[in-house]
**Student:** 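This is the structure I want to talk about, given as structure tokens.
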There are 2 protein chains.
Amino acid sequence: MSSEELAAAAGVNSAKLRKDFSYLGSYGTRGVGYDVEYLVYQISRELGLTQDWPVVIVGIGNLGHALANYGGFASRGFRVAALLDADPAVVGSSAAGLPVRHMDELEEIVETQAVSIGVITTPPGAAQQVCDRLVEAGVTSILNFAPTVLTVPDGVDVRKVDLSIELQILAFHEQRKAGEEPDRGDSVLDRAPGPVRAAAAKLRRAAGAATAAKAEPAGKGGKPPKGTDGELSAVMPA
Amino acid sequence: MSSEELAAAAGVNSAKLRKDFSYLGSYGTRGVGYDVEYLVYQISRELGLTQDWPVVIVGIGNLGHALANYGGFASRGFRVAALLDADPAVVGSSAAGLPVRHMDELEEIVETQAVSIGVITTPPGAAQQVCDRLVEAGVTSILNFAPTVLTVPDGVDVRKVDLSIELQILAFHEQRKAGEEPDRGDSVLDRAPGPVRAAAAKLRRAAGAATAAKAEPAGKGGKPPKGTDGELSAVMPA
DNA sequence: TAGATTGTTAATCGATTAACAATC
DNA sequence: TAGATTGTTAATCGATTAACAATC
């Protein structure tokens, strides 16, 4: 398949696609194109998706359960090495066919199964303590679903998942839809500088058959800079 | 507080911070700085976080439960208007203090409570059908947790949450850590072009006291382009 | 008024893309 | 060999940042 076809399918520029691929190596054939299966394998390998990654999930409430059952993990090479909880009422139950084990077994599990990634789905109050214990046991990457910022020593990676962020992005666009004029004629945004105009265009596409204009009261104080209409293109994804 | 102080706290450049703020309006005072409380209010308003956003959650399994209980929603102005499920065994139970209602009540709920945002936490097989029904009922923004790509008409926004993406990012860095030389001296990356060097530096920071080098077998075929060491800076966040 | 800091312009930097030599 | 398409260079475009006039 040619870079042109791949780029069309992915919705990107073909030169960019070729340049990005070139960072991984030289996996195409001039005059022919790319072998898709081979390409997928090479990218997967570079991303670490061909490896087996044992993970422990700590805190088996609803979210812990949901993650244990999540099909997307297994298909990307993540294997649940153990489900752990500190609550004796939960320990011994099972989720996704695995027994919930006690936190005290953490160290042994991490060591014997060479676990380097831990997932925290505890209540916020317990998260830092669990995190410290994971790190102490030898875990060097932590995925945190608890709404707390975790402190870790150098050499440990933490990523925080905020389940409401995507909802906030939707609400932002929803708010803009409500403010859109049903009339699709010229707008001050068409005369705005490049990035603002692009963002406005995307917005219009998204808004489609515009919803009824619900007037939003103008904020007190301060007027938006000329030609931007208070556009948040710089901080909000389309 | 001055843009300099705010920028230091946020870890960004102060000129960028002022420029970004200027897209929203003129909320600072020359010679003085920014009134933080006022600024927070203005940004929140622009992002739509000062509005009340009623949402429906469809599919009350573990993930639906977890989201219904998620504290981050309420604090950002999201109000659960209803929990819905098609399974009679689940309808009538309660989650987060709310009753689970039957899918058939969807249309009435969306209309009477002016719901414009729907959250889908059903199994993948049911997601498109649920999505169609939400759209039909008048929902114009959909947050999809089911591992399926949804098709929607123009004017409807969809965002898909893949719970394994952050885990994949951690695994990517974990893989790089394992390949890092404990010796922190010069590396081919220090002679690489700008973006690659920057990514390498970030990686080193993250890796901290390097973990023991676990040799990763080189992939068959194709060698990385000169000076990049197969770096994925273009596609992977730090 | 003198000092401080914003909002914005202009310069710089980096990322994207057009163009093309290399080569299948 | 002629046609096609990669991998990469150079040009373009856009985003970041330094600098500074405006002004509190």
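Note that the structure is a prediction, hence the values are computed from the model and not measured. In what follows, chains are A, B, ... by sequence order, proteins preceding strands, each numbered from 1.
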**Student:** Give the rounded distance in Å between these two atoms: CD of B:Glu4 and C1' of D:dT17.
**Tutor:**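 After rounding, the reported distance stands at 12 Å.
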**Student:** Tell me the interatomic distance from A:Phe21, atom CZ, to D:dT6, atom P, rounded to whole angstroms.
**Tutor:** 10 Å
**Student:** When all nucleic acid strands are considered with a 4.0 Å heavy-atom cut-off, which category describes B:Tyr34: base, sugar-phosphate, or nothing?
**Tutor:**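 Counting heavy atoms under 4.0 Å across all strands, the contact made by B:Tyr34 is with sugar-phosphate only.
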**Student:** Side chains of A:Leu47 and A:Arg76: does their closest heavy-atom pair fall under 4.5 Å?
**Tutor:**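 Contact flag for A:Leu47/A:Arg76 side chains = no.
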**Student:** Does B:Ser3 reach a base, just sugar-phosphate, or nothing at all? Heavy atoms under 4.0 Å.
**Tutor:**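 Result for B:Ser3 = sugar-phosphate.
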**Student:** Mind calculating the distance between OH (A:Tyr23) and C1' (D:dT9) to the nearest angstrom?
**Tutor:**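 Nearest whole value for this atom pair: 12 Å.
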**Student:** Working note: A:Tyr38 + A:Tyr27, criterion ring-ring contact (aromatic ring centres under 6.0 Å, His included); need CA distance, chi angles, decisive distance, verdict.
**Tutor:** CA-CA 8 Å; A:Tyr38 181 53; A:Tyr27 298 134; 5.7 Å; yes
**Student:** Please report the distance, rounded to the nearest Å, between CD in B:Glu5 and P in C:dA4.
**Tutor:** 13 Å
**Student:** Could you pick out which residue, B:Met1 or A:Asn13, lies toward the 5' side of DNA chain C when each is mapped onto its nearest nucleotide?
**Tutor:**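 Result: B:Met1.
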**Student:** Is there a donor-acceptor pair closer than 3.5 Å between any side-chain N or O of A:Glu5 and the backbone N or O of A:Gly33?
**Tutor:** no
**Student:** Closest approach to the side chain of B:Ala15, judged atom by atom: which nucleotide of D:dA18, D:dT6, C:dA18 is it?
**Tutor:**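 Closest nucleotide among those given: D:dA18.
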**Student:** Take the protein atom CG of B:Leu24 and the nucleotide atom P of C:dT6, then report the distance between them rounded to whole Å.
**Tutor:** 15 Å
**Student:** In whole angstrom, give the distance that lies between atom CG of B:Asp35 and atom P of C:dT5.
**Tutor:**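 Between P of C:dT5 and CG of B:Asp35: 15 Å.
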**Student:** Of the candidate nucleotides D:dC24, D:dG7, C:dT6, which contains the atom at the shortest distance from the side chain of A:Arg18?
**Tutor:**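 Nearest nucleotide to the side chain: D:dG7.
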**Student:** Rounded to the nearest Å, what distance is computed from the CG atom of residue A:Asp20 to the C1' atom of nucleotide C:dA15?
**Tutor:** 10 Å
**Student:** For a quick test of reading the model, state the closest non-hydrogen atom pair linking A:Ala127 to A:Asn144 and the distance between them.
**Tutor:**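 Looks like CB-OD1, 4.5 Å.
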**Student:** Could you check if a side-chain atom of A:Met1 sits within less than 4.5 angstrom of a side-chain atom of A:Leu39, using non-hydrogen atoms only?
**Tutor:**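 No, side chains not in contact.
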**Student:** From the options D:dG7, C:dT8, C:dT17, select the nucleotide whose nearest atom is closest to the side chain of A:Lys16.
**Tutor:** C:dT17
**Student:** Would you say B:Thr29 places a side-chain N or O within less than 4.0 Å of OP1 or OP2 belonging to D:dC24?
**Tutor:**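 B:Thr29 to D:dC24 OP1/OP2: no side-chain N or O under 4.0 Å.
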**Student:** Please determine, for the side chain of B:Arg30, which listed nucleotide (D:dA18, C:dT17, C:dT6) has the closest atom?
**Tutor:**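 Closest nucleotide to the B:Arg30 side chain: C:dT6.
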**Student:** Given C:dG7, D:dT16, C:dC24, identify the nucleotide with an atom nearest to the side chain of B:Lys19.
**Tutor:**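 Nearest listed nucleotide: D:dT16.
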**Student:** How many whole angstroms separate atom CG of A:Leu6 from atom C1' of D:dT6?
**Tutor:**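 Taking atom C1' of D:dT6 as the reference, CG of A:Leu6 is at 12 Å.
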**Student:** A:Ile120 versus A:Leu143: any side-chain heavy-atom pair under 4.5 Å?
**Tutor:** no
**Student:** For a stem of at least 3 consecutive Watson-Crick or G-U pairs with distances under 3.5 Å, i pairing with j, i+1 with j-1 and so on, which stems involve DNA chain C?
**Tutor:**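 So far as stems of 3 or more pairs are concerned, DNA chain C shows C:3-24 with D:3-24.
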**Student:** Are B:Glu4 and B:Arg18 within salt-bridge range, i.e. N to O under 4.0 Å?
**Tutor:**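 So B:Glu4 does not pair with B:Arg18 through a salt bridge.
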